[in-house]
Structures are given as structure tokens and as C-alpha cells.
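For reference, positions follow the sequence shown, starting with 1.
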Amino acid sequence: MNEENYQPETLAVRAGTARSQFGEHSEAMFLTSSFVFDSAAQAAARFIGEQPGNIYSRFTNPSVTMFEERLAALEGAEQCIATASGMAAILSCVMGVLKAGDHIVASVSLFGSTVNLFNNVIKKFGVETTYVSATDVAEWQAAVRPNSRLFFLETPSNPLTEISDIAAIAAVAKNCGALLAVDNCFCTPILQRPLEMGADIVIHSATKYIDGQGRVLGGAVLGNRKNLEGVYGFLRTTGPTMSAFNAWIFLKGLETLKLRMDAHSANALELARWLEAQPNVARVFYPGLPSHPQHVLAMRQQKTGGGIVSFEVKGGKDAAWRVIDATKMLSITANLGDTRTTICHSASTTHARISPEARAAAGITDGLIRIAVGLEAVVDIQHDLRGLAG
Ligand SMILES: *Cc1c(COP(=O)(O)O)cnc(C)c1O
């Protein structure tokens with residue numbers, strides 16, 4: 001299959017499919033830890049890399065390879081390396097790309113565990129991180145040191161949906177010899193393709209929209225072979241690889257990703273518009289709304305505003321908790337990218353470990369609620385936000 005000529009919908013369904021000797025139509029799940037060889041000579045050829053083929057599922061597995069090829073086709077990447085979780089992808093990326101003494105420039109608006117990884121894990125190995133504004137490109141330039149090797153961002157950010165200008169930040173990175181990694185979890189390749197905009201590496205938590213139904217954990221690192229050589233080496237040696245079972249779930253998830261992202265986006269836009277009209281809502285954060293400060297950039301960079309909507313309720317934390325506690329259908333959880341709509345109070349959950357001052361500086365107020373809009377009827381989601389009525 002010449003994957004370059006197909007549309008994303010087609011790639012999502014077809015790319016990467018490999019059939020076994022049985023001619024199955026749906027992808028097979030290869031639940032095997034190791035692979036056997038025809039002869040001692042073949043085993044030797046495989047082990048020294050003279051002959052391609054599977055050896056052991058910590059290195060490669062056919063179900064995982066199918067997922068990697070399908071996601072690579074969607075992101076327009078030369079290579080995809082699947083991992084056990086989104087965090088395993090970020091860990092493998094930094095361990096594969098950086099060495100002691102290197103420096104990271106990162107957006108201040110990152111997933112909490114990513115910040116923990118940078119501040120508490122890789123710092124022990126001599127890698128320092130400077131945090132800069134997600135939106136101010138001049139801050140990225142100003143933070144560069146001679147040893148800066150990696151820029152890291154996530155756009156739209158959680159929970160305020162700030163948009164980082166991928167092309168502009170990629171240009172700064174290129175200029176100083178650093179790689180730009182973009183965590184594309186919120187958009188997926190259906191809505192945003194960072195490699196086309198100059199990013200070097202794309203990270204996914206497949207746990208979210210790629211599964212789409214809240215079942216299993218997984219992740220991926222994508223880019224060109226040269227940049228990912230160390231990433232694959234790290235993964236193969238240390239083992240945070242994706243299981244064949246999870247790869248099979250994600251293959252099935254990718255097949256409906258376009259349909260789901262379109263539906264999540266349409267529901268989120270409708271809900272965001274409705275929230276803007278509610279008297280008890282002080283502010284709505286959604287890139288698809290013209291009121292979003294970076295609406296124009298968002299619409300240039302992404303196909304839609306995505307599925308995440310945040311809003312600030314008048315009356316602070318008590319009012320926000322009242323709205324959350326009055327729901328009967330929405331799931332009170334910090335997870336996202338599920339068919340089911342989820343709701344959470346960012347200040348006391350995902351951002352609870354950050355000091356109140358830092359939270360205030362980041363704009364995460366006590367009245368802020370984040371909704372990851374699912375696939376239910378919007379009128380039912382609106383109805384479940386009955387607490388907004390006062
Ligand atoms: C969830 C998430 C991660 C981490 O993924 P896991 O699969 O939970 O390890 C990383 N980045 C973003 C933006 C996320 O939402």
C-alpha cells in the first residue's frame with residue numbers, strides 16, 4: 001500500500017496492516033514473548049541485525065509494529081516507537097535524546113507528571129530544565145543556553161487550552177541546534193501534524209483519544225530515524241514497551257479516530273458556545289471560539305478546537321464544586337479522550353501540587369472547571385451542568 005497517497009481516514013483504517021499465514025482480515029494479536037528461528041544460522045543473523053525479523057517482544061512484536069506503522073503514516077513520520085504509556089514515551093524521548101549536562105527549554109504549561117519527570121527524575125542525571133511561557137516565543141529564545149538540546153511543549157495546553165506556535169518555536173529550536181518535541185495528545189494527528197510544522201519529535205499518550213474508550217495505557221514517540229536511534233535503544237534495553245494486547249486495542253482505536261475527533265470537536269464547540277451564554281460563567285477557554293486569545297493561530301495550526309473545554313464559574317471553588325457535585329451523568333475524573341464526558345476541578349486535582357501562587361500566575365483560578373467533552377448528546381451534557389443555574 002502506497003501510504004503517501006491516501007487520506008487520513010484511509011490510513012487510519014488500513015495503514016500498517018500485515019497478514020499472517022492464516023489470511024485474517026482484522027489484525028491479529030500476537031501474544032508471544034519470543035519468536036523461534038528455522039536454524040542456528042537464522043537466529044544468529046537476526047541477533048546481529050543482518051536479517052530483519054522478530055526476536056523478542058521487548059524489541060519488536062508484529063501487533064505493536066502494525067500500530068507503529070499506522071500511527072507513523074497518520075503523523076507523517078519516518079518512524080514510530082510505541083511505549084507502555086505516555087509517560088514511558090516522554091521518558092524514552094529524553095533518555096534517548098539527552099545526556100548529562102544537556103538543557104531542556106520547556107513550556108510551563110505541561111502535564112503534571114512531565115514536570116515531575118523533568119524536575120525530579122532526569123535532573124538527578126544532570127539534565128536541567130528552564131520553563132517558559134507556552135505562548136511567548138521570545139521567552140523560548142531568551143532561555144536558550146549553549147547546552148540546550150531539547151525544546152518540549154504541549155499544545156493546546158491543559159487546562160487553559162493555550163496555543164503554542166509550533167512553527168515559530170521550531171524555528172528558534174533549529175537555530176540553536178535543539179530538537180523540538182511536541183506532545184500531541186490533545187489533538188492527535190487527525191487535528192494537528194506537528195512534524196509538518198517543523199517539530200522534530202511527536203509524543204503521544206495513546207491512553208487518551210487514540211484508545212478513545214478509556215481501556216488501556218500506551219504511548220508513542222515519532223520522528224525521523226536519526227533522531228530516534230537513542231530512543232529505540234533505550235526502550236529495547238530498559239523495557240517500557242507496549243504490549244501486543246494494548247497495540248491491538250490502539251489499532252482498533254485508530255480506525256475510528258477521525259470520526260471520534262470530529263464528533264468530540266463538534267460537541268465541544270457547541271458546549272463552549274452554550275457555556276459562553278451562561279450568566280454564571282465568567283470565562284470560557286476553547287480554541288475554537290473567536291473569544292480565545294489565540295483563535296486565529298489555533299485555526300491555522302489545528303483542524304478544529306479539539307475536545308477540551310475549560311470555563312471559570314463565578315463564585316470560586318465553592319461554586320465550581322457545586323457544579324461538579326450536581327452532575328449525575330458526567331464522570332468526575334481527570335482522565336480525558338474518552339467517549340464519556342469527564343469533568344474535573346483543576347486547582348484541587350491535576351494542579352493541586354502546585355503552589356497557590358504559581359497556580360494564580362498560570363491563570364488556573366479556583367473557579368476553573370475542565371471538561372473533556374465525550375460523545376453523548378450535547379443537550380444531555382448541558383442538562384447535567386444543572387448546577388450552573390445557581
Ligand atoms: C495523560 C497525558 C500524558 C501521560 O500519558 P499516560 O499514558 O498517562 O502515561 C502525557 N501528556 C499529556 C498531555 C497527557 O494528557
Side-chain angles (χ1 to χ4, degrees), residues 1-37 46 52-86 88-89 184-185 187-191 193 202 204-222 232 235 240-265 307 335-340 374-375:
M1 166 169 180
N2 179 359
E3 288 164 1
E4 319 240 314
N5 296 329
Y6 287 104
Q7 298 299 311
E9 296 88 323
T10 311
L11 294 174
V13 173
R14 298 259 176 197
T17 306
R19 294 209 172 95
S20 78
Q21 56 173 315
F22 298 112
E24 68 283 352
H25 191 199
S26 178
E27 299 80 2
M29 199 193 290
F30 289 93
L31 295 180
T32 178
S33 48
S34 64
F35 298 82
V36 294
F37 311 104
R46 290 261 177 97
N54 298 296
I55 298 172
Y56 189 53
S57 283
R58 172 151 44 79
F59 308 163
T60 56
N61 172 283
S63 302
V64 177
T65 303
M66 283 190 259
F67 166 72
E68 289 170 334
E69 289 185 2
R70 189 169 294 175
L71 187 59
L74 286 167
E75 284 285 5
E78 198 174 283
Q79 190 180 11
C80 171
I81 300 171
T83 58
S85 67
N184 201 23
C185 167
C187 276
T188 81
I190 298 298
L191 303 185
R193 303 199 343 149
V202 164
H204 277 291
S205 167
T207 315
K208 313 295 168 52
Y209 289 107
I210 293 178
D211 174 353
Q213 295 168 65
R215 296 165 293 193
V216 296
L217 274 83
V221 189
L222 299 105
Y232 179 65
L235 205 83
T241 36
M242 180 179 283
S243 75
F245 177 83
N246 290 12
W248 184 83
I249 295 276
F250 293 130
L251 276 163
K252 296 290 130 195
L254 284 177
E255 290 178 17
T256 57
L257 186 62
K258 169 76 166 64
L259 290 175
R260 287 185 290 104
M261 291 316 288
D262 287 350
H264 282 294
S265 302
N335 198 28
L336 62 97
D338 198 292
T339 52
R340 300 172 174 91
L375 302 182

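A 4.5 Å side-chain heavy-atom check between W248 and V64 finds every atom pair outside the cut-off. Counting heavy atoms from C-beta on, the side chains of L254 and F67 come closer than 4.5 Å. In this structure, C80 and V221 have side chains that are not in contact, with every pair of non-hydrogen atoms separated by 4.5 Å or more. Looking only at side-chain heavy atoms (C-beta outward), L222 and H204 come within less than 4.5 Å of each other. With contacts defined as side-chain heavy-atom distances shorter than 4.5 Å, the pair S57/T241 does not qualify. Put simply, the side chain of F30 reaches to within 4.5 Å of the side chain of M66, judged on heavy atoms. In this structure the side chain of S34 never reaches within 4.5 angstrom of the side chain of F59, judged on heavy atoms.
Contact between L235 and R58 at its shortest, heavy atoms only, is O-CG, 4.3 Å. For the residue pair N61 and T32, the shortest heavy atom distance occurs at ND2-O, 3.9 Å. Across all non-hydrogen atoms, the minimal contact from F245 to L31 is N-CD2, 4.0 Å. For the residue pair M261 and L191, the shortest heavy atom distance occurs at CE-CD1, 3.7 Å. Across I210 and R260, no two heavy atoms sit closer than the pair O-NH2, 3.3 Å. Scanning both residues, A12 and L74, for their nearest heavy atoms gives N-CD2, 3.9 Å.
With no hydrogens or angles considered, no side-chain donor-acceptor pair links R14 and T10 at under 3.5 Å. Side-chain polar atoms of K208 and T188 form no donor-acceptor pair below 3.5 angstrom.
Looking at residues two or more places apart in sequence or on another chain, you find no side chain to side chain donor-acceptor pair (under 3.5 Å) involving N335. With sequence neighbours excluded, the residues satisfying side-chain contact (heavy atoms from CB on, under 4.5 Å) with L217 are S85, T207. N246 pairs by the side chain to side chain donor-acceptor pair (under 3.5 Å) definition with S243, not counting sequence neighbours. Every residue two or more places apart in sequence or in another chain that forms a side chain to side chain donor-acceptor pair (under 3.5 Å) with R70 is listed here: T17, E27, E255. For E24, the side-chain contact (heavy atoms from CB on, under 4.5 Å) partners at least two apart in sequence or on another chain are R19, S20, F22, A28. Partners of S33 according to the side chain to side chain donor-acceptor pair (under 3.5 Å) rule, which considers only residues two or more places apart in sequence or in another chain, do not exist here.
Interatomic distance, N5 CG to L11 CG, rounded to the nearest 0.5 Å: 9.5 Å. E9 contributes atom CD, which lies 6.0 Å from atom CD of Q7 (distance to the nearest 0.5 angstrom).
In this structure a side-chain-to-backbone donor-acceptor pair under 3.5 Å is missing from N184 to V202. No donor-acceptor distance shorter than 3.5 angstrom exists from the side chain of T339 to the backbone of G374, with no hydrogens or angles considered. Side-chain atoms of S205 do not come within 3.5 Å of backbone N or O of G219 as any donor-acceptor pair. For the pair R46 (side chain) and P52 (backbone), a donor-acceptor distance under 3.5 Å is present.
Counting heavy atoms of neighbouring residues, nucleotides and ligands inside a 6.0 Å radius, atom CZ of F37 exceeds 12 of them.
Classified by interplanar angle (parallel below 30°, tilted 30° to 60°, perpendicular above 60°), the ring pair Y209/H264 is perpendicular.
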